[in-house]
Structures are given as C-alpha cells and as structure tokens.
There are 2 protein chains.
Amino acid sequence: MSKRPTINDVARLSGVSKKTVSRVINDSPNVTQDTRMKVQAIIEQLDYAPDPQARGLAFRRSFLIGLVYDNPNALYISDIQAGILRACRGTGYELIMHPASFSDQRLVEDVQQFIQRARLDGIILLSPISQLGKLARNLKRQHCPYVRISPKKIDSWRNVVVSNDRSGASLMTDYLIGLGHREISFVLGPASNLSSQEKFAGFCEAMQQHRIPVRKRLLVQGANTFASGELAGSQVLGRAVPPTAIFASNDMMALGVLKTAQMMGVDVPRALSVAGYDDSAHASLVWPDLTTVNQSVEYMGDLAAQKLMSQLATREGAVPAATSRVQPQLVIRHSTVAI
Amino acid sequence: MSKRPTINDVARLSGVSKKTVSRVINDSPNVTQDTRMKVQAIIEQLDYAPDPQARGLAFRRSFLIGLVYDNPNALYISDIQAGILRACRGTGYELIMHPASFSDQRLVEDVQQFIQRARLDGIILLSPISQLGKLARNLKRQHCPYVRISPKKIDSWRNVVVSNDRSGASLMTDYLIGLGHREISFVLGPASNLSSQEKFAGFCEAMQQHRIPVRKRLLVQGANTFASGELAGSQVLGRAVPPTAIFASNDMMALGVLKTAQMMGVDVPRALSVAGYDDSAHASLVWPDLTTVNQSVEYMGDLAAQKLMSQLATREGAVPAATSRVQPQLVIRHSTVAI
DNA sequence: GCACCTCTTGACACCGGTGTCACCTTCGAT
DNA sequence: ATCGAAGGTGACACCGGTGTCAAGAGGTGC
C-alpha cells in the first residue's frame, strides 16, 4: 500500500502546525474560520484520515467496543451486531466480537482479559451473558462502562436495554383470545430468565383480563430450544382434551411444536394454532409460517451501542442512561386462525 | 479502570531497559535465558499485556483484519465469523466487520475507505462481494493482502477458499439416484455465481455417470432465495409428470419448494423427496427436516483467516498460498426417501 | 597480551497523533 | 494611550511501544 498522508503532511501543505490540524480534526473551538477551511481543503485533497491507533494512544482511548455473547442463536446475535454496527457507522468506534461460554467458570476472568488485551473502551453484554450478576459487578468495580441487553434483573435500572416482553406476550395472547381460542397452552422458557418470566406474566395478564382461567395442565416448561419445543408439543397434544392454540415463548420452541404437530398429523392451523415469539428468520421459512412477536432485535443493538457511546463521551461525571424498553409488535402469519 | 502496567513498569521492576522487555515480548533472539525468565516473571506478576495500539503504531501494523460482506444470509456470515474468530484467538489479531452492499456503485471506494480508516492489515471478502473482480483488482493494486471466500472465478488460484461444490452436488445426486429416483428436478442458483455453476456441473456429472438424461423440463432457474424456491416448486409440481425428487442448490430454495409442496398437499417425503444444499440452521427446524449438504462454513472462515495471517507474517516476499478446497459432506435427514 | 568477533544490552529517536502552556494578536474598557 | 481579557497559534513533551546503532562483556585465534 502506498504510504498514507500523515498529520505532518497536512500541516506542511496548509502552512500551519500539526497541532492546529489536530484542532480542525477534532472540531476544537478557537480556530479561525479561515484557517479551518484552509486545512479542511488540504485534508480533502490528500484524502487524509487520522490514524486511529495513534489517536487512540494519545487520547488514551481505543474507540473499540466489545460484544460479549454466548451462542444460543446465531440470528439473534447477527441482528444485534447489525444494530450495533449501524450505530457505530461514522462515529469512529469499531466493534470487536468475543464469543464466550455462559457456563465457563473462568468467564469473568476471560472477559477481563479480553477488555485488557484489546484496551476496550466499553462493552455490550448479550443475553444470556448479560444475566450474570457477578460479571456486571466485576465490570462496575473496574469502572469499565458496559451496557446489558436483556439482563436477568434490572437492578439498577441503568445501562440496560430490554424488550417489553410482558407487553409482547400480552399482545399475542389478546390476539389469540380474539380469534376465539380459550384453551391456550403456554410453553414457558427457562425460569432463570427474566424474559421468560415476563412473557409468562404477560400471558397471565391477558388471560385474566378476559376472565379466562390459566389452567396448570396447559402450561409446559421448555428450555427455549427446538428439542424442548418438540417435547412440549408431544406432552400437550397427547392430552385427552388438547388445546386449540399453543403459544410458545420463543420461535425455536414454536417450531418444535409445529414439527411435532405435523408428525402427529395434526392439521396446523385448522386444528391447532401455533404462535411463537422473536420473529426470527426461521419463522417465515416454514409452512404454515409462524405468527410471532417481533422485538426488533437490531434496534436493541443500535440502542445499546448508542447508550454505551454516549456514556463514553461524558466519561467523567457519567450519568448512565435510564433503561430503554423496546416495544414489540405482533406479526400475524398463517399458523394461527380463528375458531 | 485502574491504570494498567506499562512496559516501563515491567522494565523498572525487572531492572532492565524497556527495549529488553520489548525483546522478551516479541521472542527476539539475543536475550539471555536468565534475563528472559526474570522479565517474564515480572510480566506474569503484573499481568502485563502490551497495548495493541502502541504496538501497532510502532510496528506500523494494526493487527486488525476486516471482513467485508453483503447480507444474503445471516447464518452463513455468522458461521464464517465464528471460524475467523477461532483462528484469531491467541494470535493478537482482531476482526472488524464491515457490512457492504454488493450492488452499490461506490463499493470499491467504500471498502477502500474502510481499510484506510481502520488501517487494516488485510481483509477477507465473503461471497457475493468476493465475486467482484473490480474490487479484487483494486486491492491487489493497493498491495492490500486479501483472501476471498467462494469468488466468482478462481483466476489466480491464490488467496482463495472455496467449497468443492461440484463434488457436493454430485454426492447428493448419487444419493438420490441410489434411492431409486430418476425424475430428479434441479433448481439452479443464479448463473453469475461460480458456486451455482459448479453445483449444476456436479449434478450433471452424477446423472451422466448413471446414464440418466438431464431433461430440460426438470431444470428450473432460481435466485437462491426462499421466494424463488416457492416459485420453482410451483412451476415443477404443476407439470403433468412431476418429478419424484427435487434437488435445490441451496437450503433456502429447498425450503421454498417444501412450503409450496405442503401448500399443494403433496406429501413430502412419500410423494416427493426434497434436498437442499448448505446445511443451514434452518434445515433441521422444519418437518420433514431437510436432507442437505454440509460445507462446513465455519471451517472455511477459519481457513481464510489462517491464510491471511500467514500472508501477513511473511509480509515482504509474500508467497500467497494456493487455493483451499473444502470437501462437503452429505447430511441425510427425513425429506428424502427411497421409492 | 592484543586484535577481532559475537552476544547482550540500553540510549535515543520515532511511529502519528493529543495535552499543556506560553506567546502573540486583537479588541473593548478605562 | 494603557491595560486586561479572550482568541488563535505553535513548541514541546508525552501516549506505549519498536528500530537503529553503539557500547560493553565475554570468548577465540594468533
């Protein structure tokens, strides 16, 4: 690669000191409009861009943010990532990915190392990693700025981006009831998960609002996996009085239910409506395509990155932003019909 | 964050100059075993790690590699990314993602900017971006090291990682023929795509080997999308004599075919076998789950990163490695049966 | 004992930016 | 006319590493 222009080249050509060029680059005040324009002209002419490494070194900032995730679902991560990248565009920040293992004993240490080695300015924690209180406490102690997406508890009401899962589940339940369903089976996600709890709460709220009892025999415990959805399906559909609708707390499980139903010869949606939650890319690739809830994961990533960057900007007297709650939306497809 | 140890701290504590510490860090020769061990002990004790920014600045390298991709399929990208990250672990290299638009007129310029701004050491181009000769030529001209994954043409037979698509398609075709299928419909990918051409070639090879004619009426043009698969399905299944098997050149189209078949009431797999290509995560989430070809995308990412890094290591008299051809494998599930 | 060579080490400049502070203008107030 | 304050600018040190080169230590051949 031919060698790039440096700040010295710009300084020489525009007849000012490199410090003044630096001022122009950083939009510092106290530069004459005249000087500023002259320098900017040279910058454009040379197609000069400051070296992020040198900048980082001098600023004592790296302009790097890390994303720590376990891999429950590639699509989820890829959406989050797309959102973060969108937010980073043009800000000078870059994203560095760090896959980690939720169950690894050395996770805290591992993340610590990651931050130190790469000299990250801040990090974003994705669910389920974001649910580890130990990790969050460690980061706080190190004064490392971080934002959590869908954590387990919203203890501090700060530095957190969540989807309003309660509202989403309630929306879906309302819709199913509106279609005439009364015997609605609900497949729960893992209890350790705030999302799962909230979704269940939303389901119950909507049922109660319509004065429909939430029957224990229609509740099944799942684990947010495809296989657990299959299992849940076979449990519920084997009953003497099967439900007319099954609402699973995520798409993976809904797809598992759908598979079981199809294997058992149950006609979806005519004999059974199936609904999911996430609007993952899978949902529209099956037949019948899945009615689900879209939680605009990409937007959550975007939001998280913005939150983090605004914290980094006001580094010192940093006032962590309040929790952002993203509003989910119903996506109606063909796996649910009126009875 | 409490301030990290610098090379000066290590130097002071171990009673040597920082240059000697630097030698130890970089495994330079000409350091006494004694000194080396003394310094290493201090490094461990302080948990010191050199600042990548400062290192990069002095080395005139950034230890960053870029991944440029368009977004045809989130799962594909996420697998590639996982492979690259795996290869990067422990090497000091970090990955920076750069989503781009294949059809954007300013793509070459955009990538150029990306490289300059981030001072990347090298980049990996993902299909379909890797298929742009213009971009590759530009990079070569700039002497920017790059590796292409699944490019359009393997012109130089260098710096390329591809899957042996011909062999994969041939494997699948053999298998279908072995099940007794003779009327096999093939859904082609976009013709501009080397992969698509190779898959078709593999299909033809296997058919010819078994002396089964490749009939024009059983070939359908697709676009690698779900929708084009649906369309292909309806075209082929509407015929007077429908095929007993449909082999689509990717999973997305196979899923589209599957959907159409199910909507038309065709019993898959009893009345129709459906096969895909990619072994994407979607493939095992539908019922019947898809027989497909696994091309170990993650491994390809790993390989590409290794290729790139070895090029970067021997920066000067760089001998680009020969093309790597990854061998795909048949994944048999329930969407195909013998007749 | 001396010249010569190799191995080990450190002083110093440098990579490409920014922070600090002192200097010089310019301008309004007295 | 004089003074002070504010605005604009540059010299210089510094961020945390590495390259260069020269100096000192230790060994060898004569």
Side-chain angles (χ1 to χ4, degrees), chain A residues 1-40 42-43 46-64 92 116-121 313 315-316, chain B residues 1 3-40 42-43 46-64 92 116-121 315-316:
Chain A
M1 280 176 271
S2 62
K3 63 176 182 300
R4 321 204 168 305
T6 72
I7 195 170
N8 291 305
D9 301 327
V10 178
R12 187 159 21 81
L13 285 176
S14 45
V16 299
S17 73
K18 65 181 194 170
K19 178 62 206 181
T20 297
V21 176
S22 165
R23 287 198 178 91
V24 172
I25 294 169
N26 293 291
D27 277 326
S28 304
N30 303 343
V31 178
T32 328
Q33 193 60 21
D34 194 36
T35 312
R36 190 182 297 278
M37 284 176 53
K38 196 170 54 185
V39 172
Q40 243 149 11
I42 301 291
I43 289 180
L46 294 183
D47 193 23
Y48 164 78
D51 183 332
Q53 313 237 0
R55 237 164 110 76
L57 187 57
F59 268 132
R60 262 165 262 182
R61 309 234 253 118
S62 64
F63 296 99
L64 295 176
Q116 299 230 5
R117 280 199 204 301
R119 295 289 199 274
L120 300 176
D121 286 346
R315 194 71 185 77
E316 296 314 321
Chain B
M1 284 178 269
K3 64 176 181 300
R4 324 204 166 304
T6 71
I7 195 169
N8 291 304
D9 301 326
V10 178
R12 188 159 19 81
L13 285 175
S14 46
V16 299
S17 73
K18 63 180 196 172
K19 178 62 207 180
T20 299
V21 177
S22 164
R23 288 196 179 94
V24 172
I25 295 170
N26 292 292
D27 278 324
S28 303
N30 302 344
V31 178
T32 329
Q33 192 61 19
D34 194 37
T35 312
R36 190 183 297 278
M37 283 176 52
K38 195 171 56 184
V39 172
Q40 243 149 10
I42 300 290
I43 289 180
L46 293 182
D47 193 24
Y48 164 78
D51 182 333
Q53 312 237 3
R55 236 164 112 74
L57 186 57
F59 269 133
R60 262 165 261 185
R61 307 233 254 118
S62 64
F63 296 99
L64 295 175
Q116 299 231 5
R117 279 200 204 300
R119 295 291 199 271
L120 300 175
D121 285 346
R315 193 70 184 79
E316 297 313 321

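Labels below follow one simple rule: chain letters A, B, ... track the order of the sequence lines, proteins then strands, and each chain is numbered from 1. Heavy atoms only: backbone and side chains are in, while hydrogens, waters and symmetry mates are out.
The CZ-C1' distance, from Arg117(A) to dG17(D), rounds to 16 Å in whole Å. Rounded to whole angstrom, the span from the CG atom of Asp9(B) across to the C1' atom of dC15(D) amounts to 13 Å. Rounded to an integer number of Å, the gap from CG of Asp34(A) to P of dG7(D) is 18 Å. Rounded to a whole Å, the CZ atom of Arg12(B) is 15 Å from the P atom of dG10(C). Between the C1' atom of dT8(C) and the NZ atom of Lys38(B) lies a distance of 12 Å, rounded to the nearest Å. One interatomic measurement links the two molecules: CD1 of Ile43(B) to P of dG17(D), which rounds to 10 Å at whole-angstrom precision. Between Gln33(A) atom CD and dG7(D) atom C1' there is a gap of 14 Å when expressed in whole angstrom units. Per the geometry, CG belonging to Asp51(A) stands 16 Å off P belonging to dG16(D), to the nearest Å.
The distance from the CE atom of Met37(A) to the CD atom of Gln40(A) is 8.5 Å, given to the nearest 0.5 Å. Atom CD1 of Ile7(A) is separated from atom NZ of Lys19(A) by 8.5 Å, given to the nearest 0.5 angstrom.
For the OP1/OP2 pair of dT8(C) and a distance below 4.0 Å, the side-chain nitrogens and oxygens of Thr20(B) include no atom meeting the criterion. Contact check, Asn30(B) against dC7(C): no side-chain N or O comes under 4.0 Å of OP1 or OP2. OP1 and OP2 of dA11(D) both lie 4.0 Å or more from every side-chain N or O belonging to Ser17(A).
Nearest heavy atom pair, residue Pro50(A) against residue Arg55(A), reads CB-CD, 3.8 Å. Nearest approach of Tyr48(B) to Ile25(B), heavy atoms of both residues: CE2-CD1, 3.6 Å. A pairwise comparison of heavy atoms in Ala49(B) and Arg117(A) identifies CB-NH1, 3.7 Å as the closest pair. In terms of heavy-atom proximity, Ser14(B) sits nearest to Val21(B) at OG-CG2, 4.5 Å. Scanning both residues, Asp51(B) and Gln53(B), for their nearest heavy atoms gives OD1-N, 2.7 Å.
Projected onto DNA chain C by closest heavy-atom contact, Thr32(B) and Leu57(B) fall at different nucleotides, the more 5' of which corresponds to Thr32(B).
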## Note on the structure
Nucleotide by nucleotide, nucleotides 18-26 of chain C touches protein heavy atoms under 4.0 Å in the pattern (B base, S sugar-phosphate only, - none) BB-------

